[in-house]
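So that the names make sense, note that chain A is the first sequence line, chain B the second, and so on, each numbered from 1. Remember, it's a predicted structure, so these values are computed and weren't measured experimentally.
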Number of protein chains: 2
Amino acid sequence: MSHTLGIRQAQKQKTRQALLDAALGLLEEQSLSSLGLREVTRAVGVAPTAFYRHFRSIADLGVALVEEALGSLHPMIRTTVTAADSSEERIARAIQLIAGHVDAYPAHVRFIARERHGGVQPVREAIRDQLVRFAQEVSAELAKDPESAGWSEDDLLMLAHLYVDQMLITASLFLEALEGTAEDRERVTQLATRQMRLISIGRHHWRD
Amino acid sequence: MSHTLGIRQAQKQKTRQALLDAALGLLEEQSLSSLGLREVTRAVGVAPTAFYRHFRSIADLGVALVEEALGSLHPMIRTTVTAADSSEERIARAIQLIAGHVDAYPAHVRFIARERHGGVQPVREAIRDQLVRFAQEVSAELAKDPESAGWSEDDLLMLAHLYVDQMLITASLFLEALEGTAEDRERVTQLATRQMRLISIGRHHWRD
DNA sequence: TCATCCAGTTAACAACTGTTCTCTGGATTT
DNA sequence: AAATCCAGAGAACAGTTGTTAACTGGATGA
């Protein structure tokens, strides 16, 4: 059911993607609020005014980056939380998944961590919306687990937010460890694993 | 034992503080990496070149802001964790303390949350160092608690980091709720309380 | 085939940036 | 009282920024 794009539309999307990629690269050493429109177009090799054919402003481009970075992550998260194996195995797998994602898309992870509390309001809101969606989805998956018997919806959402925040913290630690040694990364894995374990224990004894 | 500063030194410190205050104000709507030196001096009402009498660069000023925002917080944290009352009361008091701090110094809290993963490396490192110190101090206080019997140093530090991160998340939520209604703030209190409670439960059953 | 469209170009704008060098005048020290 | 110091001012520098307007030329659709 794929409709082949015309030459013009295809070229336009190519340039648009080049702008997004260039911006993401430039954002490794600065924040979005200091990223210049000309800086981005210069990196791509197009005229500054071409930018306006794709985005109204840098903030607009930032919102598009949020969608690119988080939009495709929902199914991955759902299946990770769902999993039918033991709690300990699930933790190990989740952390392995985070580590792998940071390895594969470090710039996206950095962007989200940086701009979650960054200086550009529309981007902050876009990230917050995505994270709220994550928490809702995690909450919905948790509800299916027999261990969630007797849990209120509020408490499930509370736990889901804890998980989502913990995921981001862990991703950020893996990111810092990317330029470090293998031991650095192993230490992050150990730390994150034990923190998740402690939260799981808290979850297990919550109903008391 | 206070040595009265000379007129010149006093005036210099006054200007320096004015620069810090102005910068903090301007940072409510942008990130440090986009803050201009001229922007700051203009807000204070001094010549751009006067900036160099106090800071080598904007990054340098940022590091000074980190010290101002977090430097004086260490004793407060120590005493909060120490506390001799029940776990539930300790949680309520800690969260109340965070809420009060956000009310009193919203710009400082915003600055730390924003620049923790921000685009200016020296500032990121300064914040990280301070947070590591917090975690070490919390860890040292936890070690005194009889409930920490049988805990390894690594595990204490793991828990301490969890507490510190949770504090920052909570502070950030209170900050968002500052412009909201009283119910918004109450909801944050409820959420943070239950998350802390769950972590406490996890801590209590850790040795299993 | 011919008219229309539209992604990207070119040129120009006023406004802004960090940094340098030189200078001033009141505080400080001798 | 005289010499020194030094926080801040002033002017100028080359480079940068976002945004506007009018344009070109290949793809598109009638």
Side-chain angles (χ1 to χ4, degrees), chain A residues 2-65 115 118-123, chain B residues 2-23 25-27 29-65 115 118-123:
Chain A
S2 77
H3 178 246
T4 314
L5 259 47
I7 287 185
R8 203 144 76 178
Q9 289 290 325
Q11 184 52 243
K12 181 173 185 182
Q13 287 217 4
K14 209 171 181 178
T15 306
R16 188 188 131 103
Q17 191 58 47
L19 289 169
L20 289 170
D21 293 348
L24 207 53
L26 292 165
L27 284 174
E28 303 210 353
E29 296 165 339
Q30 61 182 314
S31 302
L32 188 67
S33 85
S34 67
L35 182 65
L37 163 169
R38 297 182 96 106
E39 202 178 348
V40 177
T41 56
R42 192 186 314 132
V44 173
V46 297
T49 48
F51 183 90
Y52 293 106
R53 298 289 178 193
H54 303 277
F55 307 101
R56 217 184 297 267
S57 64
I58 285 287
D60 197 22
L61 175 144
V63 171
L65 276 178
E115 300 305 330
V120 183
Q121 201 194 33
V123 172
Chain B
S2 77
H3 178 246
T4 315
L5 261 47
I7 285 184
R8 202 143 78 179
Q9 289 291 324
Q11 184 51 244
K12 182 174 185 182
Q13 288 217 3
K14 209 171 181 178
T15 305
R16 188 189 131 103
Q17 190 58 48
L19 288 169
L20 289 169
D21 293 349
L26 292 165
L27 284 174
E29 296 165 339
Q30 61 183 313
S31 303
L32 189 69
S33 85
S34 66
L35 184 64
L37 161 169
R38 296 182 95 104
E39 202 178 346
V40 177
T41 55
R42 191 186 315 130
V44 172
V46 298
T49 48
F51 183 89
Y52 293 106
R53 298 288 177 191
H54 304 276
F55 307 102
R56 218 185 295 266
S57 64
I58 285 287
D60 197 21
L61 176 145
V63 171
L65 277 179
E115 301 304 330
V120 183
Q121 201 195 33
V123 172

Span of DNA chain C in contact with chain A (heavy atoms, under 4.0 Å): C:dC5 to C:dA12
Partners meeting side chain to side chain contact (heavy atoms under 4.5 Å, CB included) with A:A43 (sequence neighbours left out): A:A22, A:L26
Rounded distance (nearest 0.5 Å) linking atom NE2 of A:H54 with atom CG of A:L61: 10.5 Å
Within-4.5 Å side-chain heavy-atom neighbours: A:V40 and A:I58: yes
Sub-4.5 Å side-chain heavy-atom contact between A:V44 and A:F51: no
Neighbours of DNA chain D within residues 45-60 of chain A, by heavy-atom distance under 4.0 Å: A:T49, A:Y52
A:S31 and B:L32, any side-chain heavy atoms less than 4.5 Å apart: no
Side-chain heavy atoms of A:V63 within contact of A:F55, under 4.5 Å: no
Reported CG-to-CG distance for the pair A:L24 and A:L65, which is rounded to 0.5 angstrom: 5.5 Å
With sequence neighbours excluded, residues passing side chain to side chain contact (heavy atoms under 4.5 Å, CB included) with A:A59: A:S57, A:V120, A:P122
Least distance between heavy atoms, B:L35 atom then B:A23 atom: CD2-CB, 3.9 Å
Strand-adjacent residues in residues 13-30 of chain A, judged by heavy atoms under 4.0 Å from DNA chain D: none
Contacts of type side chain to side chain contact (heavy atoms under 4.5 Å, CB included), residue A:E29, not counting sequence neighbours: none
Side chain to side chain contact (heavy atoms under 4.5 Å, CB included) involving B:Q9 - partner list, sequence neighbours excluded: B:L5
Polar side-chain contact A:R42-D:dT16 base: donor and acceptor under 3.5 Å: no
Side-chain polar contacts of residues 13-21 of chain B - donor-acceptor pairs under 3.5 angstrom, sequence neighbours left out - could you list them?
from: B:T15; atom 1: OG1; to: B:Q11; atom 2: O; distance (Å): 3.1
from: B:Q17; atom 1: NE2; to: B:D21; atom 2: OD1; distance (Å): 3.0
from: B:Q17; atom 1: NE2; to: B:E68; atom 2: OE1; distance (Å): 3.2

Sequence-distant partners of B:T41, side-chain hydrogen bond (donor to acceptor under 3.5 Å, both in side chains), two or more places apart: none
Listed once per pair and sorted, the salt bridge (Lys or Arg N to Asp or Glu O under 4.0 Å) pairs that draw on residues 31-55 of chain A, sequence neighbours left out: none
Footprint string (nucleotides 25-30 of chain D, 5' to 3'): B base within contact, S backbone only, - free, heavy atoms under 4.0 Å: -BBS--
Strand DNA chain C in bracket notation, Watson-Crick/G-U under 3.5 Å with | for pairs to another chain: ||||||||||||.||||.||||||||||||
